[in-house]
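Right, one structure below, let's go through it.
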Amino acid sequence: VSLLKDYNLRGTAMDRHADFLKKINAADKAVGETLNNNAYLMKWLTFVAVSIYVLNGGMAVINGDLRLGLYLTMTKVFMTLGKKWSAVYTTLLSIFNSVPALERIVNFINLPTDTQRHMQIVRSTQNRTSTLFDRTGAADSSSCSNFNVLPIELVNLAVTLCTVTRQGDNRIETTLLFDELVIEQGKLVSLVGRRGAGKSTLLKILGGASLPDTSTFEDVLPSRLSIPPHLRVLHVAHEPMFLRGGLYENLTYGVQPGRPDASVERVKEVCKRLDLPNKLIEAIDPNSKDEFSWSSALSSSEQSLLCIARALIANPEVLCIHKPTLHVNEKTAKVIINLLREFVDNRGIAQDGVLKFRRPRTCFFTSTRALSLSSADAVFRVSPQCIVKVDISTI
């Protein structure tokens with residue numbers, strides 16, 4: 001709709017829609033006529049059969065070859081059979097009319113799923129975590145800190161991006177290869193690279209939004225995607241998304257009800273740290289029953305800041321966020337990067353309790369601002385064939 005407004009093509013769109021409706025109406029009329037004719041088919045056949053018998057039987061009665069009682073009885077029998085066959089034919093038509101819908105249902109339930117790939121990835125992650133856990137000697141200790149040394153690994157992964165036409169008869173496939181990315185927990189990691197190099201795809205894989213090809217998981221050079229399974233991973237898409245409801249409901253969407261992370265005081269504190277306008281902070285009310293369409297009520301920068309606030313309120317151990325500073329000015333970008341830095345250093349934002357007892361926080365993000373790169377613990381340049389660590393001192 002916005003595209004039509006921007007290019008002032010409402011008239012063209014309406015004409016196309018009108019033509020489309022005409023085609024639909026013409027097809028619907030043809031289908032209606034066919035169905036109506038089919039519904040009368042058995043009635044017509046019954047009428048023709050009874051008419052023929054009335055003519056032939058009447059002549060036989062006149063000639064004395066057929067008794068009148070038998071003639072009338074047989075006429076009644078033909079009419080009754082016609083009604084019964086008409087009912088049978090109507091039932092058959094209903095069955096045949098249901099076939100296209102059943103075909104669509106069968107096609108939907110037999111579409112390929114990612115369940116098998118997801119299971120392979122989960123099992124591979126569990127096996128890798130167990131191996132690393134035993135290798136570091138953590139199994140002999142009850143300290144929770146031993147879980148914090150398990151790295152986040154991505155090795156020899158292939159991802160196929162597929163674009164399919166609406167008719168499903170044409171496919172455009174692009175394959176991206178990621179050789180190695182190993183990060184310790186508790187790091188702020190920036191991903192850089194030219195457009196189309198695979199930064200967003202890599203973030204989606206780390207965030208669980210996309211699954212890599214698992215066909216090479218058991219090859220000579222096995223693939224591996226290992227994020228310790230006890231860590232909560234959150235993927236924040238590039239496009240801001242909101243529920244139709246209250247602001248508090250949107251901001252605490254990733255938090256279980258009753259958890260300390262969902263307290264109103266903490267939610268407002270995180271929003272204040274992001275320099276959100278007071279009007280939005282005052283609108284944070286868990287008792288509010290008002291429903292708003294936030295995507296149309298907020299500016300692009302406010303939408304972006306609220307999505308970042310929702311991610312920080314959810315308080316995951318691994319945060320994967322696309323271009324957090326894209327829709328804001330330099331001043332607000334500095335606030336965002338500093339808050340992500342604090343999220344990693346303090347193991348969460350506005351958290352109670354002792355720091356050392358909290359799990360490390362790891363954040364992966366993409367950005368083109370120099371401040372984002374200088375504030376990161378590690379910077380990786382992503383290309384379609386490899387991932388290269390960049391020396392921050394040279395940036």
Side-chain angles (χ1 to χ4, degrees), residues 114 117-139 141-155 157 178 180-191 201-212 214 217 223-237 252-256 259-262 270 308 310-322 324 339-366 376-378 380 387:
D114 58 4
R117 285 195 295 163
H118 190 269
M119 181 181 67
Q120 287 183 270
I121 293 172
V122 169
R123 289 180 176 176
S124 174
T125 299
Q126 292 174 341
N127 294 335
R128 179 61 178 172
T129 300
S130 179
T131 300
L132 292 175
F133 198 59
D134 294 337
R135 185 181 300 172
T136 57
S141 173
S142 60
S143 174
C144 293
S145 62
N146 292 289
F147 289 94
N148 300 339
V149 301
L150 300 175
I152 296 172
E153 299 178 310
L154 184 150
V155 179
L157 288 187
F178 302 113
E180 185 174 14
L181 175 66
V182 180
I183 290 293
E184 297 178 359
Q185 294 183 51
K187 302 294 183 182
L188 182 62
V189 182
S190 177
L191 303 177
T201 303
L202 180 57
L203 269 186
K204 289 179 181 179
I205 293 175
L206 292 170
S210 294
L211 297 179
T214 57
F217 268 44
S223 300
R224 184 167 66 249
L225 173 60
S226 176
I227 299 178
H230 64 281
L231 300 181
R232 292 175 300 134
V233 182
L234 176 62
H235 172 263
V236 181
T252 58
Y253 180 71
V255 185
Q256 295 182 357
R259 299 279 296 180
D261 288 338
V270 173
I308 296 172
R310 178 169 54 194
L312 296 175
I313 291 168
N315 197 26
E317 281 80 30
V318 180
L319 176 61
C320 302
I321 183 168
H322 294 258
L339 201 59
L340 292 179
R341 179 75 264 176
E342 182 181 340
F343 170 76
V344 172
D345 293 340
N346 292 345
R347 300 186 175 186
I349 302 296
Q351 291 288 294
D352 297 328
V354 183
L355 176 63
K356 66 178 182 179
F357 293 141
R358 298 200 292 265
R359 288 175 179 165
R361 301 296 191 268
T362 307
C363 179
F364 297 89
F365 69 99
T366 56
D377 294 311
F380 289 87
I387 303 173

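Since this is a predicted model, take the numbers as computed values, not measurements.
Proximity of L234 to V318: side-chain heavy atoms (C-beta onward) are nowhere separated by under 4.5 Å. At a threshold of 4.5 Å between non-hydrogen side-chain atoms, the residues I152 and F364 count as touching. Inter-residue side-chain proximity for I183 and F380 is flagged as met; some heavy-atom pair is nearer than 4.5 Å. Looking only at side-chain heavy atoms (C-beta outward), I313 and Y253 stay at 4.5 Å or farther from each other. Residues N315 and Q351 meet the side-chain proximity criterion, which asks for heavy atoms closer than 4.5 Å. L154 has its side chain out of reach of V182: every pair of non-hydrogen atoms, C-beta onward, lies at least 4.5 Å apart. Looking at heavy atoms from C-beta onward, L231 lies in side-chain contact with P228 at the 4.5 angstrom threshold. Side chains of F365 and V189 form no contact here, defined as non-hydrogen atoms less than 4.5 Å apart.
Distance alone, capped at 3.5 Å, places no donor-acceptor pair between the R347 side chain and the D345 backbone. In this structure, Q185 contributes its side chain and L150 its backbone to a donor-acceptor pair below 3.5 Å. Judged by distance alone, the side chain of T362 and the main-chain N or O of L188 form no donor-acceptor pair under 3.5 Å. With hydrogens and angles disregarded, a donor-acceptor distance shorter than 3.5 Å links the side chain of R359 to the backbone of H230. Under the 3.5 Å distance criterion, the side-chain polar atoms of R310 are left unmatched by any main-chain donor or acceptor of T252.
Nearest approach of I349 to L339, heavy atoms of both residues: CD1-O, 3.6 Å. Here the closest non-hydrogen pair linking T125 and S226 is OG1-CA, 4.0 Å. Between P229 and T129 the shortest heavy-atom distance is CD-OG1, 3.3 Å. Heavy-atom minimum distance, D377 versus G186: OD2-O, 4.2 Å. Nearest heavy-atom pair, L340 versus P324, reported as atom, atom and distance to 0.1 Å: CD1-CG, 4.2 Å. When all heavy atoms of S190 and A376 are compared, the pair lying nearest together is CB-CB, 3.9 Å.
Neither side chain, R358 nor N346, offers a donor N or O lying under 3.5 Å from an acceptor on the other.
Paired with L181 under the rule side chain to side chain contact (heavy atoms under 4.5 Å, CB included), one option of I205, L225, L206 passes, and it is L206.
Legend: residues meeting salt bridge (Lys or Arg N to Asp or Glu O under 4.0 Å) with R128, ordered by chain and number and at least two apart, are E153. Every side-chain contact (heavy atoms from CB on, under 4.5 Å) that E184 has, sequence neighbours left out, goes to K187. Residues satisfying the side-chain contact (heavy atoms from CB on, under 4.5 Å) test with R259, not counting sequence neighbours, are V255, Q256.
The 12-atom threshold is exceeded at CZ of R232, counting heavy atoms of other residues, nucleotides or ligands nearer than 6.0 Å.
Atom NE2 of H235 sits about 6.0 Å away from atom NZ of K204, to the nearest 0.5 Å. Expressed to the nearest 0.5 Å, how far SG of C363 lies from CZ of R341 amounts to 9.5 Å.
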